[in-house]
There are 2 protein chains.
Amino acid sequence: MNDQLSRTFQALADPTRRAMLAKLSHGEINVSDLAKPFLKDMSLPAVTKHLKVLENAGLVTKTRDAQYRPCKLNGTPLKTATDWMEQYRTFFEESLDRLGEYLKTVTAQEKEAKKKLNTKKKKTAKGIKSHGRKKQT
Amino acid sequence: MNDQLSRTFQALADPTRRAMLAKLSHGEINVSDLAKPFLKDMSLPAVTKHLKVLENAGLVTKTRDAQYRPCKLNGTPLKTATDWMEQYRTFFEESLDRLGEYLKTVTAQEKEAKKKLNTKKKKTAKGIKSHGRKKQT
DNA sequence: TGGTTAATTAACCATTTAGTTAAATATAGG
DNA sequence: CCTATATTTAACTAAATGGTTAATTAACCA
């Protein structure tokens, strides 16, 4: 994981960091004010680390004001991520067209699942073998 | 990291998995055909694991056809992710308005950085102290 | 100068992630 | 039944992630 897009998605893959972005979307805010809502759940250095992840992804820029570090949201990487997602739009916009087919599929899969449950029961009766590698001794 | 959105972003935060989704966007495909382009870089079990991450995020569903496991892209989680991003659209759509201001900021920051370099050099001459905790003995 | 607040860094630890190889399971087909 | 192909699982390992506490740095202010 080294490219820009991966860093962006990685940064977004955490609820704390997403909450920090939400807070930042209301305007510039310094580190301790940004941290405040999270100090019930984690320490300040933990927040600093999350912030660093957001910075490394380019989602947040930090400036200086005396001993404060005002943080600002930068939307550019989100634009990149959104653009990437755009190529899959067809896969979630034909929902109405596909709903009927989807339901049929689900029904079919459920029937399949029931069949398999029966099959597995029979096999259990015969004795199921364990999977994978044996423990080294 | 346990919620749906986090799992989705986490799944997208890897170039191999994104490439797998790209492949899947061209239609249903079984595991070994899906794996083929990646076997130069990693083993088949590694691909299986990536596939499992995509499945757990709900981005891929696997069915059965004899010994084959045809995989299919499911766009729903991408829809959820896109919807989440939507709330930040204002932060990357005013780009033209903000470009000038951004450039001014960058310039200001570069000047700041130069000033700081000088400051640090002076301090180095006086002797810089190390940061953080001391090694336990 | 000394104390207080803001923020970061270091050292450490537990868990997760991403990969490996070897073995096991599932199915088809001679 | 035996064998080949497809896929998964197990066991293991190295590195990354997400957290901690203690120490350090930076700047303000009385």
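Lettering of chains follows the sequences in order, A, B, ..., and the numbering in each one begins at 1. For clarity, every value in this text was computed on a predicted model and none was experimentally measured.
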Practice task
Output the single nucleotide from D/dA22, C/dA11, D/dT9 whose closest atom is nearest the side chain of A/Pro45.
Solution key: D/dA22

Exercise for the section: Taking only the side-chain nitrogens and oxygens of B/Thr48, find out if one of them lies under 4.0 Å from OP1 or OP2 of D/dT7. Expected result: no

Handout entry: Geometric class of the A/Phe9/B/Phe9 ring pair [parallel <30°, tilted 30-60°, perpendicular >60°]
Key = parallel

Completion exercise
A/Asn2 atom CG is separated from C/dA18 atom P, nearest whole Å, by 13 Å

Handout entry: Rounded distance in Å - CG (B/Asp14) to P (D/dA16)
Key = 14 Å

Exercise for the section: Considering non-hydrogen atoms only, spot the tightest contact between A/Gln4 and A/Ala57 and give its length. Expected result: NE2-O, 2.9 Å

Practice task
Provide, to the nearest angstrom, the distance between the CD atom belonging to B/Gln67 and the P atom belonging to D/dT3.
Solution key: 18 Å

Exercise for the section: Give a yes/no answer on whether the side chain of B/Lys62 brings an N or O atom under 4.0 Å of OP1 or OP2 in D/dT8. Expected result: yes

Problem - Selected nucleotide, minimal atom distance to A/Ala46 side chain, candidates D/dT20, C/dT20, C/dA18 - result: D/dT20

Exercise for the section: Please determine if a side-chain N or O atom of B/Ser43 lies less than 4.0 Å away from the OP1 or OP2 oxygen of C/dG19. Expected result: no

Exercise for the section: For residues B/Tyr68 and B/Val31, determine if any side-chain heavy atom of one lies less than 4.5 Å from a side-chain heavy atom of the other. Expected result: no

Practice task
Looking only at side-chain atoms of B/Lys49, point me to the closest of C/dG19, D/dT7, D/dG18.
Solution key: C/dG19

Fill in the blank from the handout: Separation of D/dT17 atom P from B/Gln10 atom CD, nearest Å, is 9 Å

Completion exercise
Answer for the Watson-Crick or wobble partner of D/dC2, both distances under 3.5 Å, is C/dG29

Exercise for the section: Measure the distance from CG on A/Leu51 to C1' on C/dA7 and round it to the nearest whole Å. Expected result: 10 Å

Exercise for the section: State the CE-OG distance between B/Met20 and B/Ser25, to the nearest 0.5 angstrom. Expected result: 13.0 Å

Handout entry: Electrostatic pair A/Asp14:A/Arg18 at N-O distance under 4.0 angstrom
Key = no

Practice task
May I ask you to verify if any side-chain N or O of A/Arg64 is less than 4.0 angstrom from the OP1 or OP2 atom of D/dA26?
Solution key: no

Exercise for the section: Round to the nearest Å and state the distance from A/Phe9 atom CZ to D/dA16 atom C1'. Expected result: 20 Å

Fill in the blank from the handout: Per atom distances to the A/Met42 side chain, the nearest of C/dG19, D/dG19, C/dT8 is D/dG19

Problem - N/O (side chain, A/His50) to phosphate O (OP1/OP2, D/dG19) under 4.0 Å - result: yes

Practice task
Find which nucleotide of DNA chain D each of A/Arg17 and B/Ser32 is nearest to by heavy atoms, and output the residue with the more 5' nucleotide.
Solution key: B/Ser32

Problem - Nearest-angstrom distance from the residue atom NZ of B/Lys36 to C1' of D/dA6 - result: 11 Å

Exercise for the section: Flag the pair A/Thr82 / B/Tyr88 as yes when at least one side-chain heavy-atom distance between them is below 4.5 Å, and no otherwise. Expected result: no

Problem - Separation of atom CG in A/Leu34 from atom P in C/dA6, rounded to whole Å - result: 14 Å

Problem - Proximity to the side chain of A/Arg69 - top-ranked nucleotide from D/dG18, D/dT7, C/dA7 - result: C/dA7

Practice task
For B/Ala66, report the nucleic acid contact type (base, sugar-phosphate, nothing); a contact means any heavy atom under 4.0 Å.
Solution key: sugar-phosphate

Problem - Selection from D/dT7, C/dT20, C/dA7 that lies nearest to any side-chain heavy atom of A/Asn30 - result: C/dA7

